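Because the structure is predicted, anything quoted here is derived from the model rather than measured.
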Amino acid sequence: MTKPILSTMRRTAFGLMCGVALAIAPTLPAWAQADDLIVAVSTFSEETMTPWGGSGQRKTYLDVVYEYLTYVEPGTLKTVPGLAESWEVSEDGQKWTFNLRKGVEFSGGYGEMTSADVAYSIERLIRDDSRAGPASPMRRLIASVETPDDYTVVVNLNFPDFELAQGYFGATQQLGIVSKKHFDALGEADAEATPIGTGAYELASITPGSEIVMKLREDVEDHWRVAPEFETIVFKVVPEESTRVAMLRTGEADIAPIGFDSIPTVRDAGLSIVSAEATWSPVVRFGGLIETSENRYNPDAPWAIKEVRQALNYAVDKQTIIDELFHGEGTVASSDTPVAAWSSVEPYPYDPERARELLAEAGYENGFDITIRTFTTAPGAELPLMAEAVALYWQDIGVNASIEPVDWPSLRSEWTEGRANNYVWTHRGFPFASAANGMEAGYLAASVFASFSTAELETMIQDFSTEVDPEAREAKFTEIGQYLRDEAAAVFIALANEPYGISDKVGEWKITTAYVWNFDQVTRAD
């Protein structure tokens, strides 16, 4: 397949996405007030209000309400104090002590945050019925939580984790701290509907499937961490990218994730682009490859054979996809998350002849049929186009791919419940403040989000997890990355940037590769 085919595909998509935006005159609606920061997003995901109630995509609106024990410093990506002023870890990496900040108040009159709230938040997040992405590996990790006094939390682990503070307990994950008193007073069912946190905002209203409005707390002037400049933050669900672009142009939105093809349109309108580098990874995942899990392994799938997975990697010209669909905003990937220890792992080159040889070796010289499911998200507006490109490349080596558009919540349910075993799907990987957390989430059978695992890999990860020597840990981590590449655990496409369109109402918004949910720190333009 040649570049012109992908170029035509990209130009067609660009026309569809931008045509509506160009046709709308830039007039400010009466309801778009200067005191509102309006954020248009593609989805609210489960639209639930607790840290444990669903996917990390909900951090878009939840992170102005809930706060975390640690944060990521923009620029340096250094882990800095949050609700925990300081922390210590034992030499064996199995005991962490967090010293909490004093005088931090919950909204709604629920009083000062104490160790009881932190312990409750941890224990509730890892409960069996938690729907949070990191819940299952955290259950495996955490042995017990102790509260020796109101401002000290001791976490005992089943095995070493030297990155707990910046990993599972940091702002890039889902351990937002909730008020135990709130849940005790209202009961779990009623309390879950109203988010009560230590953040600067609280819930004002919600229109299901449409809008979530967060307003400043009355006592916000005393807030310990931020001094927000917008009275309300209005989050709007806008699945269509063309509509989000149009809203940016007309002043109906101030911040919105956009696709790469929309960047020229937004800039031509005199608006700005803010991008987080290498913040997501377009990838094609294989279903049914958890060898150690009976209900998530499909030995009859052609891609259960390593050589077939390798062939499907060799068949795809990933650099052309990056150039044509992502406007060069990315690099060819050997994994689904940016990890320094894996930078030496070579990605698969484009070699369709080698792909055909491997298919023949595996007994599929005449190819086979395969289903690719795909959906749109942000970042990820390009995933359906990427699916089309991958299907064309696979067709070139004799693999007949059928594309099925789906919605992410449905696919997520099938994946986590072990019902996604007979197809492959486009997806996006994320960076993790703790690279080990990302590895555990994606490749341990104990994780509901695992997409590939073998007994050998489980042993390698366990060996890495218990290693206390930093140099040895680094070497073992690199070895795991090479194993995942050699086993072709997925069709790794790219490490891509994440662009947002910004209105002229916005002054400064500092985002990083690992953290893009700090809407409470957006400033007004001068």
Side-chain angles (χ1 to χ4, degrees), residues 10-11 13-43 60-61 64 74-75 210-214 228-280 325-330 376-382 385 496-513 515-526:
R10 182 177 60 81
R11 286 196 300 271
F14 178 70
L16 291 173
M17 288 189 289
C18 298
V20 174
L22 292 169
I24 299 177
T27 58
L28 184 67
W31 57 263
Q33 301 299 315
D35 284 338
D36 294 337
L37 177 69
I38 305 171
V39 182
V41 297
S42 64
T43 179
T60 300
Y61 56 87
V64 301
S210 176
E211 180 179 278
I212 294 174
V213 180
M214 299 294 187
E229 298 189 14
F230 291 92
E231 184 176 341
T232 59
I233 303 179
V234 181
F235 297 96
K236 292 181 172 290
V237 172
V238 186
E240 301 80 13
E241 184 185 350
S242 61
T243 306
R244 294 198 300 274
V245 171
M247 291 173 69
L248 286 167
R249 290 169 54 83
T250 61
E252 295 174 78
D254 300 308
I255 296 177
I258 61 174
F260 300 103
D261 276 336
S262 296
I263 291 175
T265 302
V266 173
R267 283 186 171 146
D268 288 347
L271 305 178
S272 302
I273 303 294
V274 171
S275 286
E277 295 185 358
T279 195
W280 69 292
L325 297 186
F326 304 128
H327 284 247
E329 294 269 349
T376 61
T377 185
E382 297 79 11
L385 287 174
N497 300 339
E498 181 179 0
Y500 288 79
I502 307 295
S503 81
D504 55 12
K505 189 196 300 182
V506 173
E508 186 175 52
W509 180 36
K510 293 182 179 179
I511 57 175
T512 71
T513 294
Y515 197 73
V516 296
W517 304 287
N518 55 339
F519 297 110
D520 52 5
Q521 294 179 290
V522 175
T523 68
R524 294 175 183 270
D526 295 332

Just how far is it from atom [atom1] of [X] to atom [atom2] of [Y], taken to the nearest 0.5 Å?
| X | Y | atom1 | atom2 | answer |
| --- | --- | --- | --- | --- |
| T60 | I233 | OG1 | CD1 | 11.5 Å |
| E252 | T243 | CD | OG1 | 9.5 Å |
| T250 | L248 | OG1 | CG | 8.0 Å |
| E241 | E382 | CD | CD | 6.5 Å |
| D254 | K505 | CG | NZ | 3.5 Å |
| I258 | E498 | CD1 | CD | 11.0 Å |

Closest heavy-atom contact between [X] and [Y]?
| X | Y | result |
| --- | --- | --- |
| D504 | A525 | O-CB, 3.2 Å |
| Y61 | M214 | O-CE, 3.5 Å |
| M247 | V238 | SD-CG2, 3.6 Å |
| P257 | R244 | O-NE, 2.9 Å |
| V522 | E229 | O-CB, 4.2 Å |
| V266 | S272 | CG1-O, 3.9 Å |

Next on the checklist: Would you say that L37 contacts V506 through its side chain, given a criterion of any heavy-atom pair below 4.5 Å between the two side chains?
Outcome noted: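 L37 reaches V506 side chain to side chain.
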Checklist entry - Hey, are S275 and E329 close enough side-chain-wise for a donor-acceptor pair under 3.5 Å? => result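 S275 and E329 do not have a side-chain donor-acceptor pair below 3.5 Å.
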Next on the checklist: Quick one about S242 and E240 (side-chain donor to acceptor, distance below 3.5 Å, no hydrogens or angles considered), yes or no?
Outcome noted: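 The answer is no; no qualifying pair exists.
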Item to check | Check: S503 side chain, G251 main-chain N or O, donor-acceptor pair, under 3.5 Å | outcome: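 No: the side chain of S503 does not pair with the backbone of G251.
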Checklist entry - After noting the C-alpha distance and the side-chain angles of R524 and D35, does the key distance pass the salt bridge (Lys or Arg N to Asp or Glu O under 4.0 Å) rule? => result CA-CA 10 Å; R524 294 175 183 270; D35 284 338; 3.0 Å; yes
Item to check | Parallel, tilted or perpendicular: rings of Y500 and W509 (30°, 60°) | outcome: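 Taking Y500 first and then W509, their aromatic rings stand perpendicular (interplane angle over 60°).
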